[in-house]
Amino acid sequence: MGRTVPFVGARWSAEAQRRVQRAREEILSAGAGPGGSGPELVRPEIAASWRRSLLSGVDPTRVPDGRFDPDRSAAPRLLRAAEPVLDRLVGQLCGTTTAVVLADSKAWILWRGAGEQALFTGLDRISASPGCCLGEELVGTNGLGTVVEERRPTLIVGGEHYQDAMQDFTCVGVPIVDPLSNRLEGVLDLTCGSRDTNELLLPLLTEAVREIQLRLREQATARERALFEEFVERTRRRRDVAVASLNEDFLITNSAAAQLFEPADHALLWEWAGGAIASGREVSGELTLTREITVQARCTPVDSGAARPAGVIVTMVPVSTGGARQATGSGAWRQVLRQVDRIAQLDGPVLLHGEPGVGKARLASRLHAARGGSGRARILDCRTQRHRGDAWFDELGTALEDPQATVVLRRVTGLSPEAEGTVAALVGAAPARVVLTCVDPPGGDLLDVAEVTLAVPPLRDRAEDVPVLVDELLDELSQGGTRPRCTASALGALKAHPWPGNVRELRRVLATALVNGMHFDVSTHHLPEGYRSPPDRPRLALLESTERDAIVAALQRAGWNKDRAAADLGISRATIYRKVRRFAITPPGSGKER
């Protein structure tokens, strides 16, 4: 691994700037390809930006001369939302050598202001004035163009700028994202002398952007608000179905729909929706999207209270996936959920077994909810019994006395042998509903006391569940705020990962990505290292993947008995053994990876 880059607070020290200059010289000498130790001395996003600047042919020694277009039309909606915030921000910075710059989504400067007008002279020298474009492809790494490229908050201190003339400045830029359409609307930037850099710039700017985005939402048209509210309602009810909300210039999709869509599909879908708009009634039918994915689509007009509809809501279920895998959940997981719903009608203890982190706790929560439990869901870890002794048994006995409660006993194979019989007797006579969880099914008394056992498949055997899980996990991690989305490219990388840590690992990766992206949408570059691209192993072709999924589902139905699964599939015993080896299929809890 490379050297660790110092914490941001040390970035403007003299030593840090010398290190940055050395890294820049090495990268410029090596060209756009990897070389030297330079990339290890700076943050990855800065090294990547320098290489993009090199590839664009930007001369680091020239004075920045970004394009100038005095007649370029402004972004009136963004300016209306931003003006009160900008005025207040300039007032807060009065007496400092800090300028406020607002740019559009292409890094064209729309507005600038400062408490001290003298700062404008220095900004004019680097083309940081209204009507100029500071796109990264024109002037290299900077607080506007690089933010447009990265779509995340970015602090660029002194020598981290690509062009020499900009290295006297520090720029911090934060993207402004429309909270309804999720489109990049612009960038808000604070620029000061590099010697005046301090750690308060980013939080000050982030708060200002949050207020601008709130104002963007408030000034949205009635049509946009109606579409957004209907989209939220539909996706709340059906997370596993692909949903798109759109009109002629507005499109929102959930994660399942993002897996099906290309940019060209917006126009295609809107044209197809013409029948619903004209008649004011729901229409349905098959539609082939750009990637040759055929979907069964249902299109419903959304009323805005005006003469014409706000737009349409389209729900889609793939019926012929062409070159892509279906994005609405795997057969294996749907079967597990159906079994859980049936089990919820039973009163006896339930045993869930599968690899660590596979989602057993989630299924236990689903059982509790499906049974209409009005009491608490209590979770007790059996591994603590060994060192807590009688206190643990007292807590278990109290929990099991509540007939409205669901008691989840985790890691039941961690019980000491002498304790297993006692726990089995308590569970067998308990008024409470009991769910036992473990990696491998236990033997003896605890297995006997379970009314039903259910194997939970590992995430690697149900990659098509990843978009649905990502949606649910992002909802949890946003904690009631605006839920970020995961881009199609990031979802593709996540689906390709083997997930040895299962759903728990996926949750940890998404939590890290949200921190990296400051809770904006999750893009590929927000994912931790090692998750940003598919692993080196070859992926199965579509036909092979479908065949593997069918074999796994048959094995699960047969309790992982290969002979019964072969009979169910109508293939020979020799064939299923050969396919199990070919596709490296392993039962839950075997400890082997795919």
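This structure is a prediction, so every number in the text was calculated from the model and none was measured.
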Which pair of non-hydrogen atoms, one from [X] and one from [Y], has the smallest distance, and what is that distance?
X: P175; Y: R152; answer: CD-C, 3.6 Å
X: V243; Y: F231; answer: O-CE1, 3.8 Å
X: A399; Y: V407; answer: O-CG2, 3.7 Å
X: A310; Y: N247; answer: O-ND2, 3.2 Å
X: P528; Y: V509; answer: CD-CG1, 3.6 Å
X: L352; Y: A364; answer: CD1-N, 4.1 Å

Are [X] and [Y] side-chain neighbours, meaning at least one heavy-atom pair lies under 4.5 Å?
X: S245; Y: E230; answer: no
X: D563; Y: Y577; answer: yes
X: C438; Y: R411; answer: no
X: T437; Y: V412; answer: no
X: R462; Y: L469; answer: yes
X: E505; Y: V503; answer: no
X: V350; Y: V434; answer: no
X: T453; Y: L436; answer: no

Short N-O contact, D341 and R366, less than 4.0 angstrom: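 A salt bridge is present here (some side-chain N lies under 4.0 Å from a carboxylate O).
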K360/E355 ion pair, N-O < 4.0 Å: no
Separation between [atom1] of [X] and [atom2] of [Y], rounded to the nearest 0.5 Å:
X: Q339; Y: I343; atom1: CD; atom2: CD1; answer: 6.0 Å
X: L510; Y: H526; atom1: CG; atom2: NE2; answer: 12.5 Å
X: K562; Y: L555; atom1: NZ; atom2: CG; answer: 7.0 Å
X: T300; Y: R281; atom1: OG1; atom2: CZ; answer: 13.0 Å
X: E420; Y: L447; atom1: CD; atom2: CG; answer: 9.5 Å
X: Q385; Y: E395; atom1: CD; atom2: CD; answer: 12.5 Å

Flag, side chain of [X] to backbone of [Y], donor-acceptor distance under 3.5 Å:
X: W499; Y: R504; result: no
X: W392; Y: D381; result: yes
X: N502; Y: P356; result: yes
X: D402; Y: Q404; result: yes
X: R564; Y: A558; result: yes

V466 and L459: CA distance, side-chain angles, deciding distance, side-chain contact (heavy atoms from CB on, under 4.5 Å) verdict: CA-CA 8 Å; V466 169; L459 188 53; 4.3 Å; yes
Chi angles and distances behind the salt bridge (Lys or Arg N to Asp or Glu O under 4.0 Å) call for R52, E45: CA-CA 10 Å; R52 287 195 300 267; E45 60 266 33; over 6 Å; no
Using a 6.0 Å cut-off, check whether atom [atom1] of [X] has over 12 heavy atoms from anything other than its own residue.
X: R298; atom1: CZ; answer: no
X: D448; atom1: CG; answer: yes
X: R342; atom1: CZ; answer: yes

Full working for side-chain contact (heavy atoms from CB on, under 4.5 Å) between L396 and V423: CA-CA 9 Å; L396 173 62; V423 172; 4.3 Å; yes
Which residues share a salt bridge (Lys or Arg N to Asp or Glu O under 4.0 Å) with K579, sequence neighbours left out: E547
Any residue meeting salt bridge (Lys or Arg N to Asp or Glu O under 4.0 Å) with D394, in chain and number order, not counting sequence neighbours: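 Result, salt bridge (Lys or Arg N to Asp or Glu O under 4.0 Å) vs D394: none returned.
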Residues T315, R234; criterion side-chain contact (heavy atoms from CB on, under 4.5 Å); working and verdict: CA-CA 9 Å; T315 56; R234 291 293 182 100; 4.0 Å; yes
Test side chain to side chain donor-acceptor pair (under 3.5 Å) applied to T294 and E286, step by step: CA-CA 7 Å; T294 301; E286 284 193 358; 5.6 Å; no
T288 and I293: CA distance, side-chain angles, deciding distance, side-chain contact (heavy atoms from CB on, under 4.5 Å) verdict: CA-CA 6 Å; T288 300; I293 301 173; over 6 Å; no
Given L474, L477, V470, the one that forms side-chain contact (heavy atoms from CB on, under 4.5 Å) with R507: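 For R507, the side-chain contact (heavy atoms from CB on, under 4.5 Å) check succeeds only for L477.
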Test side chain to side chain donor-acceptor pair (under 3.5 Å) applied to T398 - qualifying residues, sequence neighbours left out: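 By the side chain to side chain donor-acceptor pair (under 3.5 Å) rule, T398 matches no residue at all.
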